[in-house]
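Accompanying notes for the structure given below.
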Amino acid sequence: MTDLKITDAKFEEEIKIIDKLVLVDFFATWCGPCKVLGPILEKVAEHFKDKIVLIKANVDEFPITSQKFGVEKIPTVVLFKSGKPINGFVGLLPEKTIKDWLENTIKEAK
């Protein structure tokens, strides 16, 4: 996970300058499935650390960004390239499924 200080007001502007694909985990602290998915995404992000950066966006702290990208259910995971969403999924998925999805999406994003 990145230590960048991303803000809701400048979310798109800030992720655009990251030189890797940006995997955003839209979650909430009160969401049970989010608590399970978070560590899985951190593990997957570590596996793909040369290609992606993981950013966790609490929907309660990022309401503008969440609304802009149509986050209606959580957890929602969106992969961005140059500040634009290119793929994503909603809900809790197994680690292998997420790795496969990410690998395929990274190949397509080149």
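Keep in mind that this is a model prediction, so the values were computed, not measured.
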Q) Does NZ in K20 sit with more than 12 non-hydrogen atoms of other residues, nucleotides or ligands closer than 6.0 Å? A) yes
Q. Is there a donor-acceptor pair closer than 3.5 Å between any side-chain N or O of K73 and the backbone N or O of V90?
A. no
Q) Is there side-chain contact between V22 and L79, with at least one heavy-atom pair below 4.5 Å? A) no
Q: Let me know which of I52, N87, I86 forms a side chain to side chain contact (heavy atoms under 4.5 Å, CB included) with I106.
A: I52
Q: Verify the neighbour count for atom CD of Q67: are there more than 12 heavy atoms of other residues, nucleotides or ligands below 6.0 Å?
A: no
Q) Is the closest side-chain heavy-atom distance between L21 and K51 below 4.5 Å? A) no
Q) Is there a chain of hydrophobic side chains (I, L, V, M, F, W, Y, each step under 4.5 Å between heavy atoms) that links F27 to I40? A) no
Q: Hey, could you give me each pair passing disulfide bond (SG atoms under 2.5 Å apart) that has a residue in residues 59-110? Not counting sequence neighbours.
A: none
(Q) Using side-chain heavy atoms (C-beta onward) and a distance below 4.5 Å, is I55 in contact with D25? (A) no
Q: With sequence neighbours left out, write down each residue that passes side-chain contact (heavy atoms from CB on, under 4.5 Å) with E103, or none if nothing qualifies.
A: F48, K107
Q: Salt-bridge test for E13 and K16: reply yes if a basic N is under 4.0 Å from a carboxylate O, no otherwise.
A: no
Q: Specify the closest pair of heavy atoms between P33 and P75, including all atoms of both residues, with the distance to one decimal.
A: CB-CD, 3.9 Å
Q. Once you round to the nearest 0.5 Å, how far does OG of S82 lie from CD1 of I17?
A. 12.0 Å
**Q.** ring pair (Phe, Tyr, Trp, His ring centres under 6.0 Å): pairs with one or both residues in residues 76-110, sequence neighbours excluded
**A.** F11-F80, F69-F80, F89-W101
Q.
Treating D8 as the side-chain partner and I64 as the backbone partner, does any N or O pair qualify as donor plus acceptor under 3.5 Å?
A. yes
Q. Between atom OG1 of T29 and atom CD of E61, what is the distance when rounded to the nearest 0.5 Å?
A. 8.0 Å
(Q) Looking at every heavy atom in both I74 and W30, which two are closest together, and how far apart are they? (A) CD1-CH2, 3.7 Å
Q | Same apolar cluster (I L V M F W Y, side chains within < 4.5 Å links), L93/V36 | A | yes
Q.
Any non-hydrogen side-chain atom of V59 less than 4.5 Å from a side-chain atom of T76?
A. no
(Q) In the structure I gave you, are the side-chain heavy atoms of V77 and V24 within less than 4.5 Å of one another anywhere? (A) no
Q: Would you confirm whether E12, through its side chain, and K84, through its main-chain N or O, come within 3.5 Å as a donor-acceptor pair?
A: no
Q) When clusters are formed by joining ILVMFWY residues with side-chain heavy atoms under 4.5 Å apart, either directly or through shared neighbours, do V44 and L37 land in the same one? A) yes
